[in-house]
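Worksheet: the structure to be examined is printed underneath.
Position 1 is the first residue of the sequence, and the numbers go up from there.
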Amino acid sequence: MLDKFPQMSAELYRYVVEHSDGNDELMRRLAEETEAEAGGSAEMLTSPEQATLMTLLVRAIGARRVLELGTFTGYGSISIARGLPTDGRLITCDVSEQWTAIARRYFEQAGLADRIELRLGPALDTLRELPEDEPFDFAFIDADKVTYPEYYEECLRLLRPGGLVMLDNMFQNGEVIDEAADREAVRAIRELNDRIAADERVLSVMLGIADGVTLALKNG
């Protein structure tokens with residue numbers, strides 16, 4: 001059973017991207033500018049097929065209010081906002097004025113600036129200021145990995161019953177299964193992976209997309 005599926009080669013990954021929607025000319029320009037400006041930090045970009053999955057999920061659950069932790073240059077934000085209705089709202093959180101300046105520009109170019117509210121400052125502070133009586137439908141966590149356990153709890157608090165939280169980088173480049181890997185971020189993600197798998201408040205699944213994605217549906 002464990003050997004049922006092939007390893008993801010570069011050729012197979014290219015095939016996946018080519019057979020997924022969403023990676024249009026605007027998104028390609030954004031990715032290219034990010035790579036040119038950010039260098040090695042461009043690895044923080046949401047992958048094309050994962051971005052399309054977010055558009056699909058947001059649209060499929062009829063989300064109107066969405067949270068995103070970790071804006072970077074806006075690739076994921078645009079993908080999420082594309083799944084929202086015209087009166088939907090995405091609150092996206094980041095601490096970098098440099099990278100979010102690029103994001104703001106592309107929000108305008110994508111015609112989505114009216115659906116996206118960017119909040120600069122520590123995401124945990126922003127989350128703790130949000131009231132529970134205005135629940136969210138979807139949350140995407142892709143920020144500081146050490147703080148993921150706290151982000152998860154706050155997002156779960158703010159989600160409506162039946163709401164969905166999506167967490168990125170749950171493989172940590174494979175280090176989560178490497179006993180010798182002891183970085184603080186890896187320890188935090190390992191702990192959270194175990195916690196979510198045992199969490200009776202949610203129905204969850206871990207997917208082999210990009211660097212590992214977990215989806216957790218809040219039980220009603």
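Under the 4.5 Å side-chain criterion, counting only non-hydrogen atoms from C-beta, E37 is not in contact with Q98. Counting heavy atoms from C-beta outward, I78 and T55 have side chains that stay 4.5 Å or more apart. Residues E175 and R183 meet the side-chain proximity criterion, which asks for heavy atoms closer than 4.5 Å. Between T147 and L124, the closest side-chain pair of non-hydrogen atoms falls below 4.5 Å. With a 4.5 Å cut-off on side-chain heavy atoms, E134 and R65 count as touching. Residues D142 and E68 have side chains not in contact (no heavy-atom distance under 4.5 Å, counting atoms from C-beta outward). L167 places a side-chain heavy atom less than 4.5 Å from the side chain of I196. Within the 4.5 Å cutoff, side-chain heavy atoms of M170 are placed close to those of L192.
Separation of atoms CE (M44) and CG (N169) is listed at 10.5 Å; rounding is to 0.5 Å. Here the straight-line distance linking atom CD1 of I141 with atom OG1 of T214 works out to 10.0 Å at 0.5 Å rounding. With values rounded to the nearest 0.5 angstrom, D211 atom CG is found 12.0 Å from T46 atom OG1. T92 OG1 to R115 CZ: the interatomic distance, rounded to the nearest 0.5 Å, is 15.5 Å. Note that CG of L158 is 11.5 Å distant from CZ of R128, once rounded to the nearest 0.5 Å.
Salt bridge annotation for D87-R64: present, with a cationic side-chain nitrogen under 4.0 angstrom from a carboxylate oxygen. Salt bridge present: R82 and D24 bring a charged side-chain N and a carboxylate O closer than 4.0 Å. Under 4.0 Å is where a charged nitrogen must lie from a carboxylate oxygen, and between E153 and R195 at least one such pair does. Of the charged side-chain nitrogens involved, none lies within less than 4.0 Å of a carboxylate oxygen, so that E191 and R187 do not count as a salt-bridged pair.
Residues E49 and A210 approach most closely at OE2-N, 3.8 Å, considering heavy atoms. Between L69 and C155 the shortest heavy-atom distance is CD1-SG, 4.0 Å. S9 and L12 make their closest contact through OG-N, 3.1 Å (heavy atoms, listed as atom of the first residue, atom of the second, distance). Looking at every heavy atom in both residues, S204 comes nearest to A197 through OG-CA, 4.3 Å. Closest approach of L112 to A81, counting heavy atoms only: CD1-CB, 3.9 Å. V186 and A181 make their closest contact through CG1-O, 4.2 Å (heavy atoms, listed as atom of the first residue, atom of the second, distance).
Residue pairs that meet the ring-ring contact (aromatic ring centres under 6.0 Å, His included) test with at least one member in residues 91-149, sequence neighbours left out, are F72-W99.
Both I209 and Y75 sit in one connected hydrophobic cluster of ILVMFWY residues. Membership requires side-chain heavy atoms under 4.5 Å apart, directly or through other members. Criterion: ILVMFWY side-chain heavy atoms under 4.5 Å apart, direct or through other members. Under it, L57 and L90 are part of a common hydrophobic cluster. Both I80 and V213 are members of a single hydrophobic cluster when ILVMFWY side chains are connected at heavy-atom separations under 4.5 Å. Linking ILVMFWY residues whenever their side-chain heavy atoms come closer than 4.5 Å, directly or via other members, leaves L130 and L118 in distinct clusters. Under a hydrophobic-cluster definition in which Ile, Leu, Val, Met, Phe, Trp and Tyr are linked whenever side-chain heavy atoms come within less than 4.5 Å, directly or via other members, L53 and L67 are assigned to different clusters.
Checking D144 against Y151 by side-chain atom types alone, no donor-acceptor pair falls below 3.5 Å. R190 and Q172 are not linked by any side-chain donor-acceptor pair at a separation below 3.5 angstrom, with hydrogens and angles left out of the test. A donor-acceptor contact closer than 3.5 angstrom links the side chains of T34 and T73. No hydrogens or angles considered: nothing links the side chains of S77 and T71 as a donor-acceptor pair under 3.5 Å.
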Under the criterion salt bridge (charged side-chain N to carboxylate O under 4.0 Å, His left out), I'd like the reasoning laid out for R157 against E154: C-alpha separation, chi angles, the key distance, then a yes or no.
CA-CA 5 Å; R157 176 182 69 85; E154 287 297 321; 2.9 Å; yes
Is there a side chain to side chain contact (heavy atoms under 4.5 Å, CB included) between E97 and L120? Walk through the geometry before answering.
CA-CA 7 Å; E97 294 188 14; L120 285 174; 3.5 Å; yes
Would you check, one step at a time, whether the test side chain to side chain contact (heavy atoms under 4.5 Å, CB included) holds for E117 with R119?
CA-CA 6 Å; E117 178 185 345; R119 297 196 182 184; 2.8 Å; yes
Please evaluate residues D137 and L164 with respect to the criterion side chain to side chain contact (heavy atoms under 4.5 Å, CB included), reporting the C-alpha separation (whole Å), side-chain torsions for both, the decisive distance (0.1 Å), and the verdict.
CA-CA 6 Å; D137 305 296; L164 189 64; over 6 Å; no
Determine whether M27 and S79 satisfy the following criterion, side chain to side chain contact (heavy atoms under 4.5 Å, CB included), listing intermediate values before the conclusion.
CA-CA 9 Å; M27 299 300 265; S79 301; 3.3 Å; yes
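Of the residues L159, L215, V202, the one that meets the side-chain contact (heavy atoms from CB on, under 4.5 Å) test with V165 is L159.
In this structure, the side chain of K218 engages the main chain of L156 through a donor-acceptor pair within 3.5 Å.
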